[in-house]
K.L.:
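Handing you this structure, nothing more for now.
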Amino acid sequence: MNIIFLGAPGAGKGTQSRMVSLQFDMLQLSTGDMLRDASMSDTSIGKEISTMIDSGELVTDEIVVTLIEEKLKQGHKGGFIFDGFPRTLGQAIALDQLLENNKTALTAVIEIKIDNEVLIDRITGRYTCLDCGEVYHESIRPIALNKFCDSCGSKNLKKRADDNEFSLRTRLNEHNDKTAPLIDYYLSKGILYTVDGLKPIDDINKEINEILLK
């Protein structure tokens, strides 16, 4: 299987990606992680990425597509979850071509939908373990900031600087502008499914599993 999760920042894409990757032995391809790993490698593309990041430039679609292509060529028995890609219609078309070149295709695109006002409350109250990525929330999943992470035992728990209402509304508006064409694109292909992001995590996961096992 090959799947994409769509949803606004804080909708729960990362949580569901981790769960599904374990349940179906899928490889989660995070463009952020791939760019960081490549930037630390002693390769020509790694040096190019490092220079772009250091100078504050956006990494080009061409470079991101190249990194994904390398992963697809390596293959993975359970398939791939595309995390953070595609973000634009152009990237979606490029991904389709990559998959076709590797004699595979997308199984499903799952939109985790949630009201913007709920998202703002959810994100402005969250903080993250910087060592393992586990996410907590002041009211939904609290843990005192001077205590240990339940998952890895780290005390390195912190809020993101841009997890404030002004920054978040800007990010949500940008997300909505870019994602709307993707929704229409995958809907026209008959592979778009929408789940309610307000449901409990396990209920959302059960619904996603039902979609993937059809």
Side-chain angles (χ1 to χ4, degrees), residues 1-11 13-22 24-110 128-135 152 154 156 158 160-163 167 170-171 174-175 177-183 185-186 189 191:
M1 290 189 294
N2 299 302
I3 65 174
I4 293 170
F5 284 107
L6 293 179
K13 301 185 300 296
T15 297
Q16 294 301 329
S17 291
R18 286 192 293 273
M19 294 174 75
V20 171
S21 66
L22 292 172
F24 291 91
D25 187 26
M26 301 178 75
L27 182 62
Q28 187 176 353
L29 293 185
S30 165
T31 51
D33 290 344
M34 286 191 290
L35 288 170
R36 281 189 291 272
D37 291 344
S39 70
M40 293 185 288
S41 67
D42 191 27
T43 62
S44 58
I45 193 170
K47 292 174 182 176
E48 186 177 357
I49 292 169
S50 180
T51 300
M52 287 181 172
I53 292 174
D54 290 345
S55 63
E57 294 179 48
L58 290 174
V59 178
T60 64
D61 284 356
E62 183 181 5
I63 287 177
V64 176
V65 168
T66 298
L67 293 177
I68 291 176
E69 184 176 21
E70 290 176 359
K71 293 291 186 180
L72 289 177
K73 286 180 178 177
Q74 294 170 14
H76 187 78
K77 184 179 179 181
F80 298 93
I81 298 172
F82 297 96
D83 179 2
F85 188 90
R87 294 183 185 273
T88 65
L89 185 56
Q91 290 179 353
I93 294 170
L95 178 59
D96 281 347
Q97 188 61 57
L98 279 182
L99 292 169
E100 184 179 337
N101 292 345
N102 283 272
K103 296 181 174 57
T104 186
L106 286 171
T107 307
V109 176
I110 299 171
T128 305
C129 173
L130 299 184
D131 290 336
C132 74
E134 196 71 24
V135 179
C152 72
S154 170
N156 198 11
K158 191 175 181 180
R160 278 177 46 167
D162 59 350
D163 278 352
S167 296
T170 301
R171 285 155 59 196
E174 181 182 8
H175 165 80
D177 289 343
K178 289 183 176 179
T179 303
L182 292 179
I183 298 295
Y185 180 71
Y186 290 121
K189 288 177 170 288
I191 57 172

K.L.:
Anything under 3.5 Å between a donor and an acceptor, one on a side chain of residues 32-45, the other on a protein residue two or more places apart or in another chain? List them.
P.N.:
{"residue": "Asp33", "atom": "OD1", "partner": "Arg36", "partner atom": "NH2", "Å": "2.4"}
{"residue": "Ser39", "atom": "OG", "partner": "Leu35", "partner atom": "O", "Å": "3.4"}
{"residue": "Ser39", "atom": "OG", "partner": "Arg36", "partner atom": "O", "Å": "2.7"}
{"residue": "Ser41", "atom": "OG", "partner": "Ala38", "partner atom": "O", "Å": "2.6"}
{"residue": "Ser41", "atom": "OG", "partner": "Thr43", "partner atom": "OG1", "Å": "3.0"}
{"residue": "Asp42", "atom": "OD1", "partner": "Lys47", "partner atom": "NZ", "Å": "3.4"}
{"residue": "Thr43", "atom": "OG1", "partner": "Gly46", "partner atom": "N", "Å": "3.0"}

K.L.:
Do Ile63 and Thr60 make a side-chain contact, defined as non-hydrogen atoms from C-beta onward lying under 4.5 Å apart?
P.N.:
yes
K.L.:
Can you name the residues that form a side chain to side chain contact (heavy atoms under 4.5 Å, CB included) with Asn101, not counting sequence neighbours?
P.N.:
Gln97
K.L.:
Mind checking what makes side chain to side chain donor-acceptor pair (under 3.5 Å) contact with Glu48, not counting sequence neighbours?
P.N.:
none
K.L.:
Measure the spacing between CD1 of Ile81 and OG of Ser17 and express it to the nearest 0.5 Å.
P.N.:
5.0 Å
K.L.:
Can you name the nearest heavy-atom pair linking Leu6 to Pro86, along with the distance?
P.N.:
CD2-O, 4.5 Å
K.L.:
Sort and list the pairs that fulfil side-chain hydrogen bond (donor to acceptor under 3.5 Å, both in side chains) and have at least one residue in residues 78-92, not counting sequence neighbours.
P.N.:
Gln28-Asp83, Asp61-Gln91
K.L.:
Below 4.5 Å, heavy atoms only, C-beta onward: do Tyr186 and Ile4 meet side chain to side chain?
P.N.:
yes
K.L.:
Do Ile3 and Val109 have side chains that get closer than 4.5 Å, going by heavy atoms?
P.N.:
no
K.L.:
If we only count heavy atoms from C-beta on, is the Lys178 to Leu89 side-chain gap below 4.5 Å?
P.N.:
no
K.L.:
Out of curiosity, Phe5 CZ to Ile110 CD1, how far, rounded to the nearest 0.5 Å?
P.N.:
4.5 Å
K.L.:
Could you work out, with side chain to side chain donor-acceptor pair (under 3.5 Å) as the rule, every residue matching Ser154, not counting sequence neighbours?
P.N.:
Asp131
K.L.:
Calculate, to the nearest 0.5 Å, the distance between atoms CZ and CG belonging to Phe82 and Leu72 respectively.
P.N.:
5.0 Å
K.L.:
To the nearest 0.5 Å, how far apart are CD1 in Ile191 and CG in Leu106?
P.N.:
4.5 Å
K.L.:
Would you call Met19 and Thr15 a side-chain contact if the rule is heavy atoms closer than 4.5 Å?
P.N.:
yes
K.L.:
Got a sec, which residues hit side chain to side chain contact (heavy atoms under 4.5 Å, CB included) with Glu70, two or more places apart in sequence or on another chain?
P.N.:
Thr66, Leu67
K.L.:
Using the side chain to side chain contact (heavy atoms under 4.5 Å, CB included) criterion, which residues pair with Thr104? Sequence neighbours excluded.
P.N.:
Asn2, Leu99, Asn102
K.L.:
Considering residues at least two apart in sequence or located in another chain, which fulfil the side chain to side chain donor-acceptor pair (under 3.5 Å) criterion with Ser55?
P.N.:
Glu57
K.L.:
Work out which heavy atom in Val65 is nearest to a heavy atom in Ala94; give both atom names and the distance.
P.N.:
CG2-CB, 4.0 Å
K.L.:
For Leu27, what residues pass the side chain to side chain contact (heavy atoms under 4.5 Å, CB included) criterion, not counting sequence neighbours?
P.N.:
Leu29, His76, Phe80
K.L.:
Is a side-chain N or O of Lys77 found less than 3.5 angstrom from the main chain of Met26, in a donor-acceptor match?
P.N.:
no
K.L.:
Going by the rule side chain to side chain donor-acceptor pair (under 3.5 Å), which residues pair with Lys71 if we only count those two or more places apart in sequence or in a different chain?
P.N.:
none
K.L.:
Sequence neighbours excluded, which residues qualify as salt bridge (charged side-chain N to carboxylate O under 4.0 Å, His left out) partners of Lys103?
P.N.:
none
K.L.:
Could you grab the distance from atom NE2 of His175 to atom CG of Leu182, nearest 0.5 Å is fine?
P.N.:
9.0 Å
